[in-house]
Amino acid sequence: MVLEFTLLFNPLFNSIMISIISLNAVFLGLETDYAIKLLFFSFQLADLIIISIYTTEILLKFYVDPLNYWRSGYNLFDVLVLFIAYLPYTIDKNDIKHYRTWNIINGFQALKILKLISYNRGMRSLITALGQTVKTVIYVLVLLFLLMFIFAILGYGLYGDPETGDSKNWGNLASALFTLFCLVTVDGWTDFQNELDQRGFSASRAFTIVFILLGFFLFFNMSIGVVIMNIQVSWVSLILCLKAEKQAVLQAKKQAILQRQQEEVNMLIHQQKTSEYKTFSELVEDFKKTLHHSDPMVLEDFCASIPFIDLYLTSLDLQDNTVYSTLYETATKQSQTLEQI
Amino acid sequence: MNPQVRALFGEVSIPDWLHAAAFSLSFQSPEDASQTKAGSPFTLLPRADAIRSKLIYTFYLIDHLQGLSHAIPRHNIQDFLDPKKQRKLMFTDHHQLVRFNITPVRNTIITPEKRMRNRIQVRCSRWPPLTMWASWVLNSTIFKSFIICLIFLNMLVLMIKSEVMNKTDASLMSLKLTLEVTIWVILLIFIMEILLNWIVSFRGFWKSSWNVFDFSVTIVSVIPEFLDLTGITNKIAAMRIIRAFRILRTLKLFSKFRQVRVIILAIAKTLKAMTFILLLLVVFFYVFAVSGIFFFESYSRSDRTDLEYSMYFRDLPNTLVTLFILFTMDHWYALLQDTWKIPEMNKLISSLYVILWLLIGSFMFRNFFVAIMVTNFQTIRSDLAEEVKQIEAQKKADLFKIQIRERSQASGLEVGPGTEATPSAQQLEYKVVVKQSVKNLDWETYIHQNLQSLVEVNEDGQVAWPSDSLFRYFELLEQLQHNLEERKRLQHYAVMALLNMEDK
């Protein structure tokens with residue numbers, strides 16, 4: 001168990017894994033070019049080696065803690081990526097029927113590169129900080145989808161008729177949703193509007209404009225506002241978290257130093273108790289003899305600086321003055337009254 | 001311990017058990033001289049306590065008394081930073097200890113003390129102060145506005161020149177000549193400005209990045225002229241582009257206006273804060289690029305001639321550009337519909353790919369960028385406000401110091417002779433002094449208000465004490481505390497006595 005701990009949490013292990021994943025990423029990138037792929041047969045070999053490394057890592061982590069392994073999202077992602085990595089070996093590449101699925105599965109291999117995120121602490125904290133905002137964005141998206149659904153059914157009913165209407169864009173639910181998504185992202189929406197105009201639906205302008213106002217101006221910018229609100233909170237807490245970590249490390253070091261000081265003084269007291277009592281001044285008499293006038297000590301403390309001495313002496317003088325004045329006055333007054341009596 | 005006392009004596013981080021140890025060492029403290037009243041308990045004065053700890057801390061007495069005199073730092077941080085002394089140190093013994101204090105480095109504002117010191121230096125120097133004149137010229141408003149006008153004029157002239165350049169009208173010859181001459185004169189003035197900056201301080205010029213920016217812009221914009229002079233003009237194909245570098249001189253405007261500098265600083269800081277997110281974005285770009293090539297392979301390889309976007313997913317550079325196009329949400333639906341023209345293309349995968357990329361890239365990442373910029377701009381603005389506050393605190397502390405000096409000079413003349421004169425003269429002087437302190441607020445509250453700022457803004461911080469004087473100073477200070485305590489008690493007795501007298 002200890003062995004696994006020392007292995008898994010070793011920074012060297014982290015750097016090795018990061019380099020392997022980047023190597024994998026580079027190979028994936030090179031594989032996309034057909035010419036290079038034919039030149040280097042070793043891509044297959046490298047792929048096999050890398051998959052075996054991933055498998056061993058997952059098995060190690062699983063062995064350390066079988067039950068809590070499934071709680072961490074990064075571990076689940078690792079298992080998923082490994083599963084996807086094994087898929088190409090389950091189908092027969094030379095079979096023409098499977099060519100399309102092979103392409104698709106190869107496309108998903110690229111997810112391996114996302115494993116990089118789990119090895120850098122800064123990235124991890126960033127992902128946690130962003131994760132909160134993603135949740136809120138997803139709620140906004142769900143709302144947007146509802147709105148689109150309503151308008152899609154409206155649009156299908158109004159403009160989806162195959163004879164009188166524009167069936168290409170509004171003919172079925174899927175294409176209607178797509179058209180509406182185009183309107184939300186305001187990409188080429190004037191073309192859609194032109195098509196509807198040509199078919200004589202001049203009132204469709206109101207439909208389009210209302211939907212663009214709601215979908216783009218309202219929802220799109222609302223998502224920006226929501227993200228800004230969330231990021232402010234989570235960014236600040238992220239930075240505070242990092243600062244607190246540094247502070248904790250510093251505190252631990254300070255404590256160690258203080259501990260050492262305490263032990264030394266205890267030893268000194270113990271020593272002193274065995275020797276004869278000396279007053280403080282006698283004790284430091286020898287030390288004082290070692291101090292020379294020409295030996296400068298540069299201090300930056302306020303208590304030894306000139307403004308402080310000025311201030312202190314002036315305050316003392318003023319104190320003296322007030323004391324003398326009040327006491328002297330009362331004393332003279334009293335002596336006068338006494339004389340009168 | 002009293003927080004004020006702590007403020008006065010710095011961060012006395014020695015814990016209580018050490019105070020106890022210090023006291024156990026000094027069982028019969030300096031009081032044995034004054035108050036050996038039978039059975040009087042040893043009074044614990046917190047201030048004397050703090051001073052004693054400060055003494056122990058400063059002189060490393062613990063180490064000395066333990067016999068570890070080699071563990072005491074003999075050198076100061078100044079010795080270490082001075083290169084000659086540092087070399088000497090490194091040659092003698094590598095295991096020496098250096099004593100230092102970490103003080104936060106504030107904005108180096110020019111204090112009145114520094115100014116006066118500089119004035120003395122200038123008055124006593126042999127040669128006329130060329131650097132002072134150069135910096136006076138550079139910082140004068142006339143010169144600054146002159147340079148700004150020149151930059152605008154330069155821009156205007158270059159614009160006119162680019163219009164007029166290719167027209168070979170004879171009447172425009174004189175215009176072309178004036179334009180050319182103006183450009184050269186302005187360039188010479190810019191170079192002179194850089195030379196003036198160098199005269200002020202060569203090293204200091206390179207420390208400010210705005211100056212480096214200025215310098216590089218001027219040099220780059222001068223390159224076409226040099227190439228013209230050396231005659232390689234017609235051999236370089238990119239001559240037109242290089243000629244266009246002249247317009248870079250307009251960028252010098254950025255370093256002239258304070259508001260523009262603030263904005264550019266804010267943008268630079270924001271980009272630094274966003275490095276992680278940019279890294280994440282790059283990773284996502286790469287992942288989607290590689291998947292995209294595989295997903296759209298049949299689309300890229302198809303033989304149909306009516307595909308508009310067939311090159312878009314062909315290889316890695318093209319795919320990266322396509323992803324950027326999708327990131328800006330431009331013609332994504334047209335691209336998607338184009339891919340649907342191929343029957344082998346899996347519609348689900350392609351539409352899922354495009355829509356997922358739009359959501360992740362465009363929606364989420366763009367919103368993240370906006371949000372982080374907004375947050376960072378707010379923090380940068382509050383940072384700048386804090387800096388302004390610091391400058392004001394500095395000014396207040398300076399004012400306070402000057403007032404104290406004046407006051408101590410004025411009252412010093414009266415307290416001195418007052419102690420020896422006759423009672424009536426004494427009365428007069430004391431009255432005057434009392435009036436003074438009443439007139440200018442209560443001294444105690446005045447100090448209270450300004451003490452904190454004075455402690456923080458202790459910028460002439462380093463005082464070189466001879467070590468035995470310092471030891472004696474601390475001892476005296478501690479003795480003073482005990483004496484003050486005694487006086488307080490005597491005062492108390494005096495007041496009681498007066499009251500008793502009154503009653504009688």
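To find a chain, count down the sequence lines: A is the first, B the second, and so on, and within it residues start at 1. Every value quoted in this text rests on a predicted model; they were computed, and no experiment measured them.
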Check each atom of A:Asp320 against the heavy atoms of chain B and say whether the ones under 4.5 Å are side chain, backbone, both or neither. both
Counting heavy-atom pairs under 4.5 Å to chain A, which of B:Leu316, B:Asp315, B:Ile277 comes out on top? B:Ile277
A:Gln109 and A:Glu31: side chain donor to acceptor below 3.5 Å: no
With a 4.5 angstrom heavy-atom cut-off, is it the side chain or the backbone of B:Leu336 that approaches chain A, or both, or neither? side chain
Chi angles and distances behind the side chain to side chain contact (heavy atoms under 4.5 Å, CB included) call for A:Val137, A:Val227: CA-CA 7 Å; A:Val137 171; A:Val227 169; 3.2 Å; yes
May I ask you to decide if the ring planes of B:Phe369 and B:Phe365 are parallel, tilted or perpendicular, using 30° and 60° as cut-offs? tilted
Within-4.5 Å side-chain heavy-atom neighbours: A:Ile104 and B:Phe295: yes
Ranked by heavy-atom pairs below 4.5 Å to chain B, first place among A:Thr337, A:Thr330, A:Leu28, A:Leu141 goes to A:Leu141
Go through the atoms of A:Thr326 and report whether side chain, backbone, both or neither lie under 4.5 Å from a heavy atom of chain B. neither
For B:Phe368, which atoms come within 4.5 Å of any heavy atom of chain A: side chain, backbone, both, or neither? both
Top of A:Leu316, A:Leu116, A:Leu130 for chain B proximity - count of heavy-atom pairs under 4.5 angstrom: A:Leu130
Measure distances from B:Leu498 to the heavy atoms of chain A and classify the residue's part below 4.5 Å as side chain, backbone, both or neither. both
Under 4.5 Å from any heavy atom of chain A - which part of B:Phe276: both
Find the distance between OG1 (B:Thr275) and CG (B:Leu280) and round it off to the nearest 0.5 Å. 11.5 Å
Less than 4.5 Å to any heavy atom of chain B: does that hold for the side chain of A:Lys333, its backbone, both, or neither? neither
Start with the C-alpha gap between A:Phe181 and A:Leu177, add the side-chain angles, then the distance that decides, and say whether side chain to side chain contact (heavy atoms under 4.5 Å, CB included) holds. CA-CA 6 Å; A:Phe181 196 56; A:Leu177 278 173; over 6 Å; no
Judged by modelled atom types alone, do A:Asn230 and A:Thr136 share a side-chain donor-acceptor pair under 3.5 Å? yes
Contacting region of A:Phe219 [heavy-atom separation from chain B under 4.5 Å]: neither
Chain A heavy atoms under 4.5 Å from B:Ile293: which part of the residue, side chain, backbone, both or neither? side chain
For a side chain to side chain contact (heavy atoms under 4.5 Å, CB included) check, start with the C-alpha distance between A:Phe192 and B:Tyr333, then their side-chain angles and the critical distance, and finish with the verdict. CA-CA 11 Å; A:Phe192 294 120; B:Tyr333 195 46; 3.4 Å; yes
Among B:Gln491, B:His331, B:Met364, B:Met373, single out the residue with the greatest number of heavy-atom pairs under 4.5 Å to chain A. B:His331
Which residue is it: A:Val81, A:Asn24, A:Ile18? I am looking for the one with a side chain to side chain contact (heavy atoms under 4.5 Å, CB included) to A:Lys115. A:Val81
Let me know if B:Arg314 has heavy atoms under 4.5 Å from chain A in its side chain, its backbone, both or neither. neither
Answer yes or no: is there a side-chain heavy-atom contact under 4.5 Å between B:Ser350 and B:Phe296? yes
Segment of B:Met329 engaging chain A (4.5 angstrom heavy-atom cut-off): both
Highest number of heavy-atom pairs under 4.5 Å with chain A: which of B:Val495, B:Thr375, B:Thr319, B:Asn376? B:Thr375
Per-residue tally against chain B (heavy atom, under 4.5 Å) across A:Ile309, A:Ile127, A:Leu313 peaks at A:Ile309
At a 4.5 Å cut-off on heavy atoms, which part of A:Gln232 comes close to chain B: side chain, backbone, both, or neither? both
Does the B:Tyr353 side chain pair with the main chain of B:Phe288, one donor and one acceptor, at a distance under 3.5 Å? yes
Check each atom of A:Ile105 against the heavy atoms of chain B and say whether the ones under 4.5 Å are side chain, backbone, both or neither. neither
May I ask you to name which of B:Gln378, B:Arg366, B:Arg487, B:Arg472 has the most heavy-atom pairs under 4.5 Å with chain A? B:Arg487
For chain A, the option from B:Ile372, B:Leu279, B:Asn346 that forms the most heavy-atom pairs under 4.5 Å: B:Ile372
Centroid separation A:Tyr328 to A:Tyr324 less than 6.0 Å: no
Applying a strict 4.5 Å limit to non-hydrogen atoms, the region of A:Ala25 in contact with chain B is both
Count the heavy atoms belonging to other residues, nucleotides or ligands that lie under 6.0 Å from CZ of A:Phe108, then report whether that count exceeds 12. no
Gap between atom OG of A:Ser223 and atom CG of A:Asn221 - 0.5 Å precision: 7.0 Å
If I measure from the heavy atoms of chain B, does A:Leu126 come under 4.5 Å with its side chain, its backbone, both, or neither? side chain
